[in-house]
Number of protein chains: 2
Amino acid sequence: MTVQPKPRPGKRINDPEGMRKKVLDVAEDAFQARGYHASSIGDLMAAADVSGGALHHHFPTKKALALAVIDERVAAAVEETWIAPVLAAASVREGVRSVFEAVAAELEQQGFVRGCPLNNLAHELSLADPDFRLALAGIFGGWRQAIADKVRADQQAGKDEGTDPERFAALTVAAYSGAMSMAKTAQDAGVLRDCLAGLERSAPSQGGLVARRRNRILPRPRII
Amino acid sequence: MTVQPKPRPGKRINDPEGMRKKVLDVAEDAFQARGYHASSIGDLMAAADVSGGALHHHFPTKKALALAVIDERVAAAVEETWIAPVLAAASVREGVRSVFEAVAAELEQQGFVRGCPLNNLAHELSLADPDFRLALAGIFGGWRQAIADKVRADQQAGKDEGTDPERFAALTVAAYSGAMSMAKTAQDAGVLRDCLAGLERSAPSQGGLVARRRNRILPRPRII
DNA sequence: TGTAAAACAGACCGGTTGTCCTGTTTTGTC
DNA sequence: GACAAAACAGGACAACCGGTCTGTTTTACA
């Protein structure tokens, strides 16, 4: 009994950008919740209320749609959730901690864990197709590089001298990815806090007591 | 032109255990290489050279087959590759390091990365079905607990006093899982060594120079 | 206003999927 | 050897998949 959009027979408004966005929204959500193979384009058409012709006009194949989701949505999610907050933080370790805590808080408030969109798709599609793999690997690489760059910036400011940028970045991304994997499987975000605690104990964080308060830098974490 | 098994018309040997094992072998491999949804039972029948009736007799549904793979194969792989070597090592950190190095070496020699079977299936199936999720969560739990137990055992022997068992276990499993995820996506096992290095820098490893030589404790790493 | 391209609708199709079903052969047991 | 149960063979099937196709409507532009 919801309000129908009144499909007047003789009226139609072409909205290619809106249509494309609607499809990407639905596909992003479906790939995240059910995965690529488990999401049929029929499901997507129904969920987006879009005809087959329209969908095919914007995305000729399912692969093209997934590639668009990866390039435009998954990359943006990593940028929003991780890269921007870390770069904006007072230090890498501050930034990493705030992201872990923000995501954990978001998940706990939400009550369920759907996992990291990048890792979800990476596991399912990396071996399925080289194009998928390259696109996903690029996002991983950008994620790691942003953290490593931040470490180097910190070091030029005299902080965190003893930390290897590449290794710290790799460990951080790996710890987060793996923690999200466990959180999704256990449906419990607590492991994120365990991993963060283990991570913070790491390396020459000279001054384990400073900055005890939590700061809220990031916009709504899109990784849910 | 391979040697045919000579399917004599009037001869057949019932070998239920062998048949079951053959199917599980093929399914384990296919799920690892292509994933659950991308592996049709038709593919499995062909690869295992097994009739539909035979397969259905041992595994009534595809889900039952996957559950058997998880319970009997994935769990065993984690046990073989991780739990047993770590428990047998001189210390947790020794064990963790040897597993990381052994897996990295195996992957580099092999030339390609198919990822961690547990994480592969966990990402694809955790949200698809509660039975899948519980089975996979149990394996993650056992993995973490084994490492935490080893930390406690070390501590009772006077070693590694400052390490929190649960947090160290969570971070170790997460770092490995995430590193394998990146290694699979980048098709490069180098990130495993980066993560290990970051991990070893962590915590009060009193004596960063001891035990520089690598030791070979583990049997052939089944996680490929 | 005329017109061609873009945007969209919806039916259609060949191939695949997982499962079921009927029937045959083997095997353990008395 | 009789016989029931287990083990296996293989065809059948309905549902579904992704993609294509034809046709209609809207829109940009001259």
Side-chain angles (χ1 to χ4, degrees), chain A residues 4-27 30-31 33-69 121 124-125 128-129 131-132, chain B residues 4-27 30-31 33-69 121 124-125 128-129 131-132:
Chain A
Q4 291 209 94
K6 283 245 185 187
R8 295 257 197 80
K11 279 296 159 197
R12 199 185 79 194
I13 324 152
N14 282 2
D15 180 19
E17 294 176 19
M19 174 89 59
R20 194 187 134 91
K21 170 174 159 37
K22 195 161 58 172
V23 172
L24 280 176
D25 285 343
V26 166
F31 291 166
R34 267 157 281 152
Y36 174 80
H37 286 104
S39 302
S40 75
I41 63 173
D43 295 341
L44 303 180
M45 281 166 49
D49 193 33
V50 158
S51 72
L55 195 149
H56 180 260
H57 178 73
H58 291 281
F59 306 101
T61 64
K62 192 183 180 185
K63 172 179 171 178
L65 173 57
L67 240 22
V69 167
L121 289 181
E124 191 178 1
L125 300 180
D129 188 293
D131 297 326
F132 285 146
Chain B
Q4 292 209 92
K6 283 248 185 186
R8 296 259 196 80
K11 277 298 157 194
R12 199 186 78 193
I13 325 151
N14 282 2
D15 180 18
E17 294 177 19
M19 174 89 60
R20 195 187 132 91
K21 169 173 158 41
K22 195 162 57 173
V23 172
L24 280 177
D25 286 342
V26 167
F31 291 165
R34 266 157 281 152
Y36 174 80
H37 287 104
S39 303
S40 75
I41 63 174
D43 295 341
L44 302 180
M45 281 166 49
D49 193 33
V50 158
S51 71
L55 195 149
H56 181 260
H57 178 73
H58 291 281
F59 306 100
T61 64
K62 192 182 181 186
K63 171 180 170 176
L65 173 56
L67 240 20
V69 167
L121 290 181
E124 191 178 0
L125 300 180
D129 188 292
D131 296 327
F132 285 145

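Every chain is numbered from 1, with letters handed out A, B, ... down the list of sequences. Nothing here was measured: the structure is a model prediction, and the numbers come from that model.
The two residues B:P60 and B:H58 make their nearest non-hydrogen contact at CD-O, 3.8 Å.
For A:R12 and D:dT26, a side-chain-to-base donor-acceptor distance below 3.5 Å is absent, hydrogens and geometry of angles not being considered.
C:dA9 atom C1' lies 11 Å from atom CG of A:N14, rounded to whole Å. As a whole-Å value, the separation of B:D49 CG from D:dA9 P is 9 Å. Rounded to whole angstrom, the span from the NE2 atom of A:H57 across to the P atom of D:dT20 amounts to 15 Å. For A:E17 and D:dT27, the CD to P distance is 13 Å, given to the nearest whole Å. Whole-Å rounding puts the B:M19 CE to C:dT26 P distance at 13 Å. Distance, B:L44 CG to C:dT17 C1': 12 Å, rounded to whole Å. Following rounding to the nearest Å, B:K21 (NZ) and D:dA7 (C1') show an atom-to-atom distance of 19 Å.
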Every protein N/O lying under 3.5 Å from an N/O of nucleotides 28-30 of chain C:
none

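Residue A:H58 places none of its side-chain N or O atoms closer than 4.0 Å to OP1 or OP2 of C:dA6.
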- [ ] Mind running side-chain contact (heavy atoms from CB on, under 4.5 Å) on A:V50 and A:K22 for me, showing each step along the way?
- [x] CA-CA 9 Å; A:V50 158; A:K22 195 161 58 172; 3.9 Å; yes
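Inter-residue side-chain proximity for B:K63 and B:D131 is flagged as met; some heavy-atom pair is nearer than 4.5 Å.
Taken to the nearest 0.5 Å, the CG atom of A:L24 stands 4.0 Å off from the CZ atom of A:F59. For the atom pair CG (B:L55) and NZ (B:K62), the distance works out to 11.0 Å, reported to the nearest 0.5 Å.
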Only distances under 3.5 Å count here; give the side-chain donor-acceptor pairs of residues 35-46 of chain B to other protein atoms, sequence neighbours excluded, each with its distance to 0.1 Å.
from  : atom 1 : to     : atom 2 : distance (Å)
B:H37 : ND1    : B:E124 : OE2    : 2.9
B:S39 : OG     : B:A30  : O      : 3.3
B:S39 : OG     : B:G35  : O      : 2.7
B:S40 : OG     : B:G42  : N      : 3.4
B:S40 : OG     : B:D43  : N      : 3.0
B:S40 : OG     : B:D43  : OD1    : 3.3
B:S40 : OG     : B:D43  : OD2    : 3.2
B:D43 : OD2    : B:S40  : N      : 3.4

Open item on the list: Each nucleotide in nucleotides 12-19 of chain D should get exactly one letter: B, S or -. Can you fill that in based on protein heavy atoms under 4.0 Å?
Closed with: -----SBB
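Residue B:M45 is the one, among B:M45 and B:I13, whose nearest nucleotide of DNA chain C lies closer to the 5' end (criterion: closest heavy atom).
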